[in-house]
Amino acid sequence: MQQNIQRHRVVVIGAGYTGASAAGRLARRLRSEDVSITLVNAEPDFVERVRMHQLAVGQDLRPRPFHRMFAGTGVRLKLAKVTGIDVDRGTVSVTDANGAGQPDDLEYDTLVYALGSAWNTRGVPGATEHAHEIAGREGALRLRDRLAALAPGSPVTVVGGGLTGVEAATELAEARPDLDVSLVARGGLGDWLSPKGARHLRKVFGDLRITAHEHTAVTAVEADRVITAAGDIPAAVTVWTTGFAVHPIARATALETTDDGRIPVDGTMRSTSHPDVYAIGDAALVAGPGGKPLRMSCASGVPTAWQAADAIAARLTGGKLPTTAPRYFNQCVSLGRKEGLIQYVTADDRAVSAALTGRVAALYKELVCKGAAWGVANPTMGLPTRRRRVTAQRAGATAPTA
């Protein structure tokens, strides 16, 4: 008597820091004879999203092709765009990476939703038409071409005073000292930092001759200016960094989602409405320390990928569920290639008095960026792992044959 055992089908959609980490970690936890892991992504290379400001100013980034990253792991990469999800049927609809060709449906037993986020214009008139974004490689390359064409003295305005805006403004000012760089912040410059951190940020802005328009709200963007209640700010190029918006596909499904489109999950990153779906990274609404939702970031996203992968593996093999709750340790900010700021924070992301600044902080930040990319290719952090067997009743249908 033999048993025909169907492999448990795991489909991971999105191959940013979280999706790629989850797929690789699962492959190292489970036996390929029992589980198939398909990673769906529109690009063949891993994109270091935390370095898009570097790409935008003309720096070349190391290519990281997925076929090398997942060689020998059993992860199958499908180059395609996700166009829909049917959580009742357990299918993901895709087209080829160029959006052409016939649509295809991928069936899954477990879905890991890691489509991430894109830039958020917040409905400001003219932002979509006239501003540039650096939330992805395509946008960063468009901005790169535009900046290269600017004449000396041209004004460049960065809108958004958060981590992404600060990194973009300082990178631009350092790489192109011939440009007139300014930053528009709704609040005070670095008002989320400790006094030491804020002082250092202001010093770097002064050294790089960046003009900070604080407590200023942008009401519209035009081709050559940013409009605010306090007056117009010249901008041959506007860089928009006011936060992120999640991919809209989840809201078009039967999944429970929040008003902003994120998927509420439990402590194992499993959807609260559909137990065969896990959401990680920016796509998930994850409760951090004290019940405070984790912010969209690489720092909080990768731990959710580990948590989901370990939980899926545990449920399939009858193992112990992970109980480690994501938390924060620091905020790492690059201020160009020569300066940096490491702001230490509480578990729920509030600044404490301690901060590391200067060249040492820049080196620290660079190590963090390199470590994040290395961690995607080594999702168990180089530690030996045991690939466990999946129990038949958990893995899927079994049918005895003569």
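Note that the coordinates shown come from a computational prediction; the quantities given were computed from them, not determined experimentally.
- Here Asp260 pairs with Thr258, Arg262 under the side chain to side chain donor-acceptor pair (under 3.5 Å) rule; sequence neighbours left out.
- For the pair Thr304 (side chain) and Gly281 (backbone), a donor-acceptor distance under 3.5 Å is present.
- Met52 has its side chain within reach of Leu61: a pair of non-hydrogen atoms, C-beta onward, lies under 4.5 Å apart.
- In terms of heavy atoms, Ala198 sits closest to Gly190 at CB-O, 3.9 Å.
- Formation of a donor-acceptor pair under 3.5 Å by the Gln331 side chain with backbone atoms of Val345 is not found in this model.
- In this structure, Ile263 CD1 and Asp282 CG are separated by 12.0 Å, a value rounded to the nearest 0.5 Å.
- Between Arg389 and Glu33 there is no salt bridge, since no side-chain N of the basic residue sits under 4.0 Å from a carboxylate O of the acidic one.
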Chi angles and distances behind the side-chain contact (heavy atoms from CB on, under 4.5 Å) call for Ile13, Ile249: CA-CA 11 Å; Ile13 54 175; Ile249 282 183; over 6 Å; no
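- Remark: the backbone N or O of Leu147 is paired with a side-chain donor or acceptor of Arg176 at under 3.5 angstrom.
- The ring pair (Phe, Tyr, Trp, His ring centres under 6.0 Å) contacts involving residues 27-58 comprise Tyr17-Phe46, where partners must be two or more places apart or lie in separate chains.
- Judged as a salt bridge (charged side-chain N to carboxylate O under 4.0 Å, His left out), and not counting sequence neighbours, the contacts of Asp348 are Arg350.
- Between Asn120 and Trp240, the closest heavy-atom pair is O-NE1, 3.0 Å.
- A search for side chain to side chain contact (heavy atoms under 4.5 Å, CB included) contacts involving Asp232 returns Arg225, Ile227, not counting sequence neighbours.
- The minimum heavy-atom distance between Ala56 and Leu143, with the atom names listed, is CB-CD2, 3.7 Å.
- Residues forming a ring-ring contact (aromatic ring centres under 6.0 Å, His included) with Phe205 (at least two apart in sequence, or on another chain): none.
- Here the side chains of Ile233 and Val184 are in contact, with some heavy-atom distance below 4.5 Å.
- Within the 4.5 Å cutoff, side-chain heavy atoms of His213 are placed close to those of Ser182.
- When the side chain to side chain donor-acceptor pair (under 3.5 Å) test is applied to Tyr278, the partners found at least two apart in sequence or on another chain are Arg315.
- Proximity of Arg49 to Ser117: side-chain heavy atoms (C-beta onward) are separated by under 4.5 Å at one or more points.
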Check against salt bridge (charged side-chain N to carboxylate O under 4.0 Å, His left out), Asp45 and Arg64: CA-CA 5 Å; Asp45 301 327; Arg64 299 180 183 275; over 6 Å; no
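- No side-chain N or O of Gln343 forms a donor-acceptor pair with one of Trp192 less than 3.5 Å apart.
- The stretch residues 325-383 participates, sequence neighbours left out, in no ring pair (Phe, Tyr, Trp, His ring centres under 6.0 Å) pair at all.
- At most 12 heavy atoms of other shown residues, nucleotides or ligands fall within 6.0 angstrom of atom CD in Glu138.
- Scanning both residues, Val12 and Gly19, for their nearest heavy atoms gives CG1-O, 3.6 Å.
- Residues Ala372 and Cys298 come closest through the heavy atom pair CB-SG, 4.4 Å.
- Atom NE2 of His8 is separated from atom CD of Gln6 by 9.5 Å, given to the nearest 0.5 angstrom.
- Residues satisfying the salt bridge (charged side-chain N to carboxylate O under 4.0 Å, His left out) criterion with Asp276, sequence neighbours excluded, are absent altogether.
- There is no side-chain donor-acceptor pair under 3.5 Å between Thr238 and His130.
- For Phe244, there are no ring-ring contact (aromatic ring centres under 6.0 Å, His included) partners at least two apart in sequence or on another chain.
- Between the side chain of Arg186 and the backbone N or O of Gly161 there is no donor-acceptor pair closer than 3.5 Å.
- The number of heavy-atom neighbours closer than 6.0 Å to CZ of Arg122, taken from other residues, nucleotides and ligands shown, is above 12.
- A donor-acceptor pair under 3.5 Å links the side-chain atoms of Asp34 to the main chain of Val390, judged by distance alone.
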Candidate pair Tyr113 and Thr18, rule side-chain contact (heavy atoms from CB on, under 4.5 Å), full reasoning: CA-CA 10 Å; Tyr113 187 107; Thr18 59; over 6 Å; no
side-chain contact (heavy atoms from CB on, under 4.5 Å) assessment of Lys78 paired with Val94: CA-CA 10 Å; Lys78 185 173 181 62; Val94 300; 3.8 Å; yes
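- For Arg89 and Glu107, the salt-bridge test fails: no basic side-chain N is under 4.0 Å from an acidic carboxylate O.
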Check against side-chain contact (heavy atoms from CB on, under 4.5 Å), Val181 and Leu208: CA-CA 9 Å; Val181 179; Leu208 294 174; over 6 Å; no
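- In this structure, the side chain of Gln307 does not engage the main chain of Ala325 through any donor-acceptor pair within 3.5 Å.
- Counting only heavy atoms from C-beta outward, the side chains of Arg51 and Gln59 never approach each other to under 4.5 Å.
- Residues Glu366 and Lys370 form a side-chain contact, since some pair of their non-hydrogen atoms from C-beta on lies under 4.5 Å apart.
- The pair Lys338-Asp207 fails the salt-bridge criterion, with no side-chain N (NZ, NE, NH1 or NH2) lying under 4.0 Å from an Asp/Glu carboxylate O.
- You'll find the side chain of Val35 stays beyond 4.5 Å of the side chain of Leu26, heavy atoms only.
- Not a single donor-acceptor pair under 3.5 Å links the side chain of Arg327 to the backbone N or O of Gly288.
- In this structure, a donor-acceptor pair under 3.5 Å is absent between the side chains of Gln54 and Glu48.
- For Trp119, there are no side chain to side chain donor-acceptor pair (under 3.5 Å) partners two or more places apart in sequence or in a different chain.
- Remark: the Thr91 side chain and the Asp105 side chain contain no N/O donor-acceptor pair separated by less than 3.5 Å.
- Listed for the Arg388 side chain is no donor-acceptor partner under 3.5 Å among the backbone atoms of Arg29.
- Looking at Leu183, Leu150, Asp180 one by one, the single match for side chain to side chain contact (heavy atoms under 4.5 Å, CB included) with Val156 turns out to be Leu150.
- Judged by distance alone, the side chain of Ser334 and the main-chain N or O of Glu167 form no donor-acceptor pair under 3.5 Å.
- Looking only at side-chain heavy atoms (C-beta outward), Met381 and Trp306 come within less than 4.5 Å of each other.
- Listed by first and then second residue, the ring pair (Phe, Tyr, Trp, His ring centres under 6.0 Å) pairs that reach into residues 54-74 are Phe66-Phe70, sequence neighbours excluded.
- Every side chain to side chain donor-acceptor pair (under 3.5 Å) that Arg144 has, sequence neighbours left out, goes to Asp60.
- Here the closest heavy-atom approach between residue Pro264 and residue Glu256 is recorded as CD-O, 3.1 Å.
- The closest donor-acceptor contact from the side chain of Ser194 to the backbone of Ala354 lies at 3.5 Å or more, if one exists at all.
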